[in-house]
Amino acid sequence: MKRFGDIPIRQKLVAIIMVTSTMTFLFTGIVFLFYEFIPSRQGILQPDWQKIVERSGQYALIGLLVLFVSFIIAFFLSSKLQEIISRPISHLAEIVGIISSKKNYAIRADIDNDDELGLLVTQFNEMLAQIQKRDRKIQAAHDELEKRVAERTEDLQGEINERKQTEIALRESRERYALAMRGANDGLWDWDLLKNTLYFSPRWKTMLGYKEEEIGEDPDEWFKLIHPQEREALVRAIMGHIDGSIPQFEQEHRMRHSDGSYRWMLSRGLAVRDLSGKSTRMAGSQSDITARRLAEDQLYHHSLHDKLTALPNRALLLERIGRAISRSKRRKDDLFAVLYLNLDRFKVVNDSLGHDIGDELLIAVARRLEKALRTQDTVARISGDEFAVLLDELGNMADASRLTHRIQEELKQPFNLHNQEVFMTASIGTVFSSIQFENPEDLLRDADTAMYRAKHIGPGQCQIFNLGMHEKTMKLLGLESDLRKALLQKELRLLYQPIISLTSGEIIGFEALIRWIHPKRGMVNPVDFIPLAEDTGLIIPIGAWVIQEACRQISAWQKAFPREKALKMTVNLSGKQFARADLIPKVDLILRETQPEPGSIGFEITESVIMENTKDVTSMLKQLQARGIRLYLDDFGTGYSSLSYLHRFPIDVLKIDRSFVNRLGQRGKQTDIIQAIITLGHSQGISIVAEGIETAAQLEHLKSLHCEYGQGYLFSKPTDEKGIEVLLSSRLQAQNAELSHETKKSHLPLETSS
């Protein structure tokens with residue numbers, strides 16, 4: 001049975017109206033009966049049952065009518081009440097049901113009343129709006145959370161995969177490391193910084209001549225073996241890396257061997273740090289670089305010293321003159337002088353007694369010059385029989401005169417060479433720092449000018465440079481004018497010197513050498529006009545012409561002699577050319593126009609060029625190499641020392657200077673130097689060409705040292721285009737004859753046994 005509260009509102013209203021109508025009807029009937037049964041006059045109850053029955057029938061009819069009308073009114077009122085109250089409430093109930101089942105907070109109750117029910121609906125809609133807004137925020141937060149969870153899941157998966165790859169790579173790395181360590185020749189060390197114990201591998205100990213038990217785990221076992229002069233720097237470098245101020249530890253130093261000698265070592269190491277950045281461990285390796293350092297030191301020394309006399313060379317002298325110029329600018333009363341000496345009639349000694357005696361004379365002159373000078377002075381051999389002296393810290397010009405006189409007196413004493421007395425004098429030119437100079441080369445040049453004036457006067461004379469000496473300058477100006485005309489009038493020529501394979505004897509290429517056919521002076525040596533071209537900037541158009549002509553010529557020979565496509569042509573580049581930004585575009589244009597075989601062109605540059613600006617030079621070299629141009633380092637070992645930088649430059653070929661080759665085998669030193677150069681070059685994957693080969697003995701020496709290529713008068717002098725074509729034609733004929741001979745042999749009938 002339903003409770004009253006569970007009955008719908010409409011049925012409740014109908015029931016209430018019907019009950020009310022029935023009760024009203026009964027109450028009215030009772031009242032009428034009361035008045036009928038109690039007469040008003042008598043005041044007592046005197047029932048008239050007949051009348052009552054009649055009246056009752058009337059009242060019953062009236063009551064039924066009233067009851068029917070009440071039912072009609074109740075039904076009408078209930079319909080209206082349902083429209084006013086029940087239907088909105090049902091609408092609200094329906095919306096609540098939709099919201100509850102579908103979670104659709106966008107739906108709204110559509111009731112437009114101004115009564116309490118309308119207010120209720122308005123508040124209900126606002127509540128839905130707030131719920132919808134919060135639901136959106138919750139949904140957005142939920143979506144963001146799901147997105148972050150997905151991203152984090154993906155990141156975690158990536159980290160897991162990366163960790164797996166790292167573990168695989170680490171395992172492979174450990175395997176490679178173990179294999180490399182077994183094959184390496186380096187010693188290893190591992191320093192536990194927390195325990196302050198240092199492990200040394202057996203190889204580390206044996207490379208210093210110690211047994212396993214002779215060196216413990218105390219770090220002092222290492223530091224006490226380091227050379228005292230380098231110990232502080234090494235410790236400072238290690239501590240700097242440990243505290244993080246130095247990114248990587250790498251130091252070259254000497255260590256004491258068990259035999260008491262010192263060996264050069266290269267120590268490298270890397271620190272391991274905890275999460276706070278504190279170093280907890282440091283490990284590294286030690287390599288024995290003694291042979292390399294000795295070779296470098298030897299070559300460095302020879303790069304700044306004359307190989308014959310052991311005197312400083314031009315480069316070292318210019319460096320010291322430069323320091324003197326800087327000092328004189330700071331101290332105005334500082335005075336120094338530069339002397340330029342040329343031995344008189346030295347050529348006569350060479351021609352009459354031989355080059356060996358001439359070399360001994362040069363060595364003896366060097367010792368006499370050292371004897372005549374003070375400790376602060378510098379005497380250098382410039383070239384051949386020319387020397388230069390820096391007289392430093394002079395009190396006055398008279399001091400220079402006294403030292404010059406002492407030099408002349410020393411040289412006047414006879415030289416006893418192989419029981420042969422030789423008398424020698426020198427022409428000396430002097431320039432003082434009182435004439436303002438900016439460049440060391442200027443002093444040397446002006447001292448040279450004064451020396452030539454002294455030589456013109458006569459042997460054993462001395463001249464002091466003054467600003468009135470313009471004769472040479474005027475000649476140079478005239479030569480410059482002629483050189484400009486020579487370029488326009490095509491007076492310049494190229495000669496070609498063959499480059500030979502020392503193993504096969506075959507021609508593998510040529511070096512293009514420029515010559516000037518002056519209409520009045522005849523053949524002008526490059527030494528006389530190339531420096532002038534450098535100073536005036538004419539080297540740029542001249543150099544471009546040389547590249548163009550050399551490329552054209554090798555291309556023509558390659559076409560005329562198809563079997564010679566492998567022939568190469570090298571061209572000398574000056575520092576001025578190399579410093580210009582338009583070098584690469586010009587080279588590209590020339591290569592397109594002349595079309596030589598790829599890889600057949602080479603450029604020769606000197607050490608001084610690549611050492612002036614290593615960054616720009618390296619970029620330029622790489623661009624040239626990318627175009628198939630081979631790069632030659634010319635006159636190696638005679639200028640600056642680029643040994644420690646050689647691996648930075650993309651050099652293909654080293655050319656050993658003729659000064660080394662000329663004295664090859666005389667006293668053993670030259671062989672060691674050339675061997676060091678060849679070994680250094682081969683270790684870098686660089687080929688070697690020896691210049692100035694003039695004797696068969698020199699050739700055999702170079703072969704024994706595994707030098708691949710060479711050039712010099714032993715093979716051929718520089719030759720013009722026609723001479724080279726004759727050489728190539730004869731070579732072609734020889735090849736054809738050999739081929740024909742081989743062909744005939746292949747067609748001979750086979751011998752049969754009897």
Side-chain angles (χ1 to χ4, degrees), residues 155-156 158-259 261-293 644 647-648:
D155 291 342
L156 288 174
E159 290 178 3
I160 292 172
N161 294 335
E162 184 178 353
R163 180 165 295 181
K164 289 181 179 178
Q165 294 297 325
T166 302
E167 290 176 354
I168 294 172
L170 181 60
R171 184 171 62 253
E172 293 176 351
S173 177
R174 287 173 177 170
E175 293 173 355
R176 287 194 298 268
Y177 179 77
L179 181 61
M181 286 302 99
R182 287 197 297 268
N185 200 30
D186 292 345
L188 303 179
W189 51 270
D190 190 346
W191 190 356
D192 188 332
L193 298 175
L194 300 179
K195 298 180 180 178
N196 197 31
T197 58
L198 191 54
Y199 164 78
F200 303 100
S201 71
R203 175 57 187 158
W204 192 97
K205 299 175 183 179
T206 57
M207 69 169 52
L208 292 171
Y210 293 97
K211 297 179 181 179
E212 177 70 25
E213 64 276 4
E214 290 181 319
I215 295 181
E217 294 184 343
D218 191 338
D220 287 339
E221 297 280 355
W222 181 12
F223 298 132
K224 71 182 182 181
L225 297 177
I226 299 169
H227 194 283
Q229 295 179 0
E230 287 130 24
R231 185 177 302 150
E232 182 180 352
L234 181 75
V235 173
R236 187 166 57 249
I238 293 176
M239 293 299 107
H241 179 62
I242 290 176
D243 63 26
S245 60
I246 299 176
Q248 186 171 357
F249 167 67
E250 182 172 336
Q251 196 84 356
E252 293 186 5
H253 56 89
R254 285 171 290 178
M255 294 191 69
R256 189 176 69 250
H257 194 271
S258 61
D259 61 9
S261 64
Y262 279 93
R263 308 290 175 89
W264 276 101
M265 299 293 173
L266 171 61
S267 293
R268 294 188 180 97
L270 198 64
V272 178
R273 308 179 191 279
D274 58 19
L275 295 178
S276 65
K278 180 181 177 181
S279 299
T280 59
R281 178 184 174 189
M282 186 173 177
S285 65
Q286 176 174 282
S287 306
D288 190 333
I289 59 170
T290 304
R292 193 201 79 191
R293 280 300 298 257
S644 57
H647 66 281
R648 299 184 184 179

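Computed from a prediction, not measured in an experiment: that's the story for all the values here.
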Shortest non-hydrogen contact from [X] to [Y]?
X: G209; Y: S258; result: O-OG, 3.0 Å
X: S279; Y: I242; result: OG-O, 2.7 Å
X: I246; Y: A237; result: CD1-O, 3.7 Å
X: W189; Y: M282; result: CZ3-O, 3.5 Å
X: L193; Y: R281; result: CD1-N, 3.7 Å
X: Y210; Y: R256; result: OH-O, 3.8 Å

Side chain to side chain, [X] and [Y], heavy atoms closer than 4.5 Å:
X: E232; Y: V235; value: no
X: D186; Y: R268; value: no
X: M265; Y: D288; value: yes

Residue pairs, two or more places apart or on separate chains, that pass ring-ring contact (aromatic ring centres under 6.0 Å, His included) and touch residues 226-252:
H227-Y262
Would you say [X]'s side chain and [Y]'s backbone share a donor-acceptor pair under 3.5 angstrom?
X: R231; Y: F223; answer: yes
X: T280; Y: V272; answer: yes
X: S201; Y: G187; answer: no
X: T206; Y: P202; answer: yes

Take atom CZ in R163; do more than 12 heavy atoms of anything else shown fall under 6.0 Å from it?
no
If I take atom [atom1] from residue [X] and atom [atom2] from residue [Y], how far apart are they, to the nearest 0.5 angstrom?
X: L234; Y: I226; atom1: CG; atom2: CD1; value: 4.0 Å
X: M255; Y: H257; atom1: CE; atom2: NE2; value: 10.5 Å
X: N161; Y: T166; atom1: CG; atom2: OG1; value: 10.5 Å

Side chains of N196 and W191, donor plus acceptor under 3.5 Å:
yes
Does a donor on one side chain and an acceptor on the other come within less than 3.5 Å for D192 and T197?
no
Can you tell me which residue pairs pass the side chain to side chain donor-acceptor pair (under 3.5 Å) test with a partner in residues 245-255, sequence neighbours excluded?
Q229-R254, E230-R254, D243-S245, E252-R292, E252-R293, H253-S267
Using residues 213-221 as the side-chain source, report each donor-acceptor pair under 3.5 Å to any protein atom, sequence neighbours left out, with the distance given to one decimal.
from : atom 1 : to   : atom 2 : distance (Å)
E214 : OE1    : K211 : N      : 2.7
D218 : OD1    : D220 : N      : 3.1
E221 : OE1    : K224 : NZ     : 3.3

